[in-house]
Amino acid sequence: MNYTPAEIEAKWQHTWSETKAYEPSNDFSRPKKYVLSMFPYPSGRIHMGHVRNYTIGDAFARYYRQQGFNVLHPIGWDSFGMPAENAAIKHGVHPKKWTYENIATMRGELAGLGLSFSEEREFATSNPEYTAFEQGFIIDMFNKGLLYRKQGFLNWCPHDLTVLANEQVVDGGCWRCGTPIVQKEMYQYYLKISDYAEELLESLKSLEGKWPKQVLTMQENWIGKSYGLEFAFKLDEESEAKVGAVYQSFDVFTTRPDTIYGVSYAALAPEHEIVRHMLSFGLLDEATAHAIKAMQRVSARERATSPKEGVALGISVIHPLTGAKVPVWVANFVLTDYGSGAVMAVPAHDDRDYEFATKYSLPIKAVIFPSEGELPVGSAYTEAGILHESAQFSGMDNTAAKAAIMDHFEEHKLGKKVINFRLKDWGISRQRYWGAPIPLIHCDTCGIVPEDKANLPVALPEDVVINGEGNPLEHHPTWKHCTCPKCGKPAIRETDTMDTFIQSSWYFLRYTVPNTYPEAFDPKALDYWMGVDHYIGGIEHAILHLLYARFFTKMLRDLGYVKSDEPFEHLLTQGMVLKDGAKMSKSKGNTVDPGELVAKYGADTARLFILFAAPPTQELEWNDSAVEGAFRFLKRFADRSQNVNAADRLPNIDHTALSKEEKTARKKVYEALKRSQEVYTERHTFNTMIAGVMEAMNALGEQNNRDVWSEGYWILLSIMEPIVPHLCWELSTNLFNRKNLGPQNVCEEVFEVDALSLGVSVNGKNRATIEVGVSESQDTIIESAKTAVEKWLEGKEIVKAIVIPGKLVNLVIKG
RNA sequence: GCGGACGUGGUGAAAUUGGUAGACACGCCAGACUUAGGAUCUGGUGCCUCACGGUGUGAAGGUUCAAGUCCUUUCGUCCGCACCA
């Protein structure tokens, strides 16, 4: 048969679409699989990363369909975001037009790959209905106190003129444009992800073995739970008088209460409220004030790499246990937004405190000593040890002391055990046009009031000026003027839009109904389809998207929309596609255009290559001649189908009557089938599965029994259909009326052999191979092994002979 | 600094529980058919050696009849977090 991919692929893609072959069924009594590849941002054209992502997902979806599952395999568009606005600034094209044209282009490109997506469930997150549902959730969250507004120091990108979440700051720069972030104090809205920190951490355990370990660890570290003691340092009388009696104390947090008798100073962040108070009331001398202001101007990121510096505030606090006076300093290494922005400093047992104390000649008092050996000289001792000079706790092991000291604080109401998280609330305000408006209204009388749900969506105006200066919604002449839903007086709409990560935090829930469904969800459909059985996407989403999506699922559960605790059952993180050892990118000029590849070889070749070149989780190095090789295999596969007898069923084969080559061919075919079953369900190493099919093809070529060929194609077409669907549908239709595209049984008789090949090794080194009958006795096997390796045994004594049935014989010799 | 992943031919990679290392493919070499081939088919291909044979999974030790696989130490690469008290 002549292999003409362009013709075959167009034909089948048309048929699949016409017959709605890939729409999920509404029969919820059937077993289901929800297979989802992360949806794309409509940037313009698809790239190889997309091809890999969607090919992997499609393989799962098609496999489960063959196995009789009701499969949901949707696609959509993460279509709000900055590039649309940037295009508007640069080329004057409206973000909406730009976005929807890109979607049309990319939809066509994906269709050309023969991906088995549901068409009735496709949507773009910038569609007004989607915005309406989302704004409904946001209002619920606001009413429940999960969304709040506060002023704070925020990551501000001076290039994109917007706020970024901590998760979106990469190496101190904007995750999109790389511009260094500056700190800016302003109002914005936050989602209380910190309320869910404990659960987000705890339920990571339920994902063990189903999500890559690396992702679980990254999320765990990001959430960053730590146990410790929180207590108040009281200002002494003189200091209290100095700050005008406005403050009597400040809180500190420590994970090392065992070192508390070694405290020699306390340190405040430059932004600490006491520091700010003293600055604004002129309670500090000029040099000190100047030094603190200089520290405040340095971004958090820069501080992390700057040398430690600080300045004494001229006030003191009282040590809660010893009553000693402890000087208070301002230090650039104290983080404003972790704990209370203040620490107790124990230079003898903390590296940072040590460095600082050394620089400013502050006392260093060791209170924990190693049980063996000496304290180190010239550095802090941070290991375990025995307490000294620590009142009643002296002599205790430091772990025991930690607990005892915390108990002591609690008993005497001096402080309490607390848990601190690194995870901060999620700031969701963006000063952009092309996003979902935050559905809140500012009323002079009523304060912040949510929009009436009946008025949703709060849609974007289309007539806007987008020139890169400020927020277009803010500058629109009429849009922001409205009436207060509560009191009816004139009011102002919030002009900030939501972080686009909000849209991707729940899109997978919306897919559970067709895109025309009038409500956000159908509870029955949601229960049936969730969670996503296989979620496939890039490792770059290990924290951002995957953490937010988990958070949203839990929030929507608590708001009564969803029953799931976790959205994604199994996560597969695909590796990057590289060329010349580097990630494909336009700026490096090392891209391969999927469109050209499909035009030259067809979608099946592209899909086969991308799954064969490496396991999905590994990086994939592009190789043009290996693509050629994939194409040649498909040509051969098409061509040799002429050895098959067309039929509606598997041929009956008398295995015992077959030649050795025929038997081997059958065995290879069923080995490939066995492997494919493991690969789809457990290992996901499509490369080894394809290798198995190639081996089977090679073995079939060694014989010319048409029944063996027919059986081989029946099975191999079924295995390969998820990988190279067009060719497999073409051949299966012509040869087997497609009766072969379904679950396959392994024919066990082909694995029954009458002779085994055993390796013979001497002292563990492989020396020869022998053929033995299956029922041969151990002694006989050892005898033939000895004969086979005679020359290595000469003059030696055999101490031991080990027979591993079906594998090898090892002779242990001496002398 | 902390955490994670990984190191196997010229290349991408196999080897699921310790059991014949390098399957499958790319590349390369030789041959066949061809006016021609970057098409197709056949054979070969870890390294050293004419060969017998030796040697080989980053390195060094160890456990074992047997180690790519387990343990210890070490080197290197990549990724994430990074003054989190």
Is Asp353(A) touching bases, backbone alone, or none of the nucleic acid, heavy atoms closer than 4.0 Å? nothing
Look for any protein N or O under 3.5 Å of an N or O in nucleotides 37-47 of chain B and output each such pair with its distance, or none.
none

Between Tyr265(A) and Phe356(A), ring centroids under 6.0 Å: yes
Categorize Gly224(A) for me: base, sugar-phosphate, or nothing, with a 4.0 angstrom heavy-atom threshold over every strand shown. nothing
Could you let me know what U74(B) is paired to, Watson-Crick or G-U wobble, both distances under 3.5 Å, or none if it's on its own? G58(B)
Under 3.5 Å on both distances, the Watson-Crick or G-U partner of C28(B): G44(B)
Taking the side chain as every heavy atom from C-beta outward, state whether Leu597(A) and Phe609(A) have any atom pair closer than 4.5 Å. no
Rounding to the closest angstrom, what is the interatomic distance between C78(B) and U8(B) at atom P? 14 Å
Mind checking the P distance from G18(B) to C71(B)? Whole angstroms is fine. 11 Å
What interatomic distance, in whole Å, is found between P of A51(B) and the corresponding atom of U40(B)? 33 Å
Taking syn as within 90° of 0 and anti otherwise, name the glycosidic form of G9(B). syn
Would you kindly say whether Asp251(A) and Ser249(A) are connected by a side-chain donor-acceptor distance under 3.5 Å? no
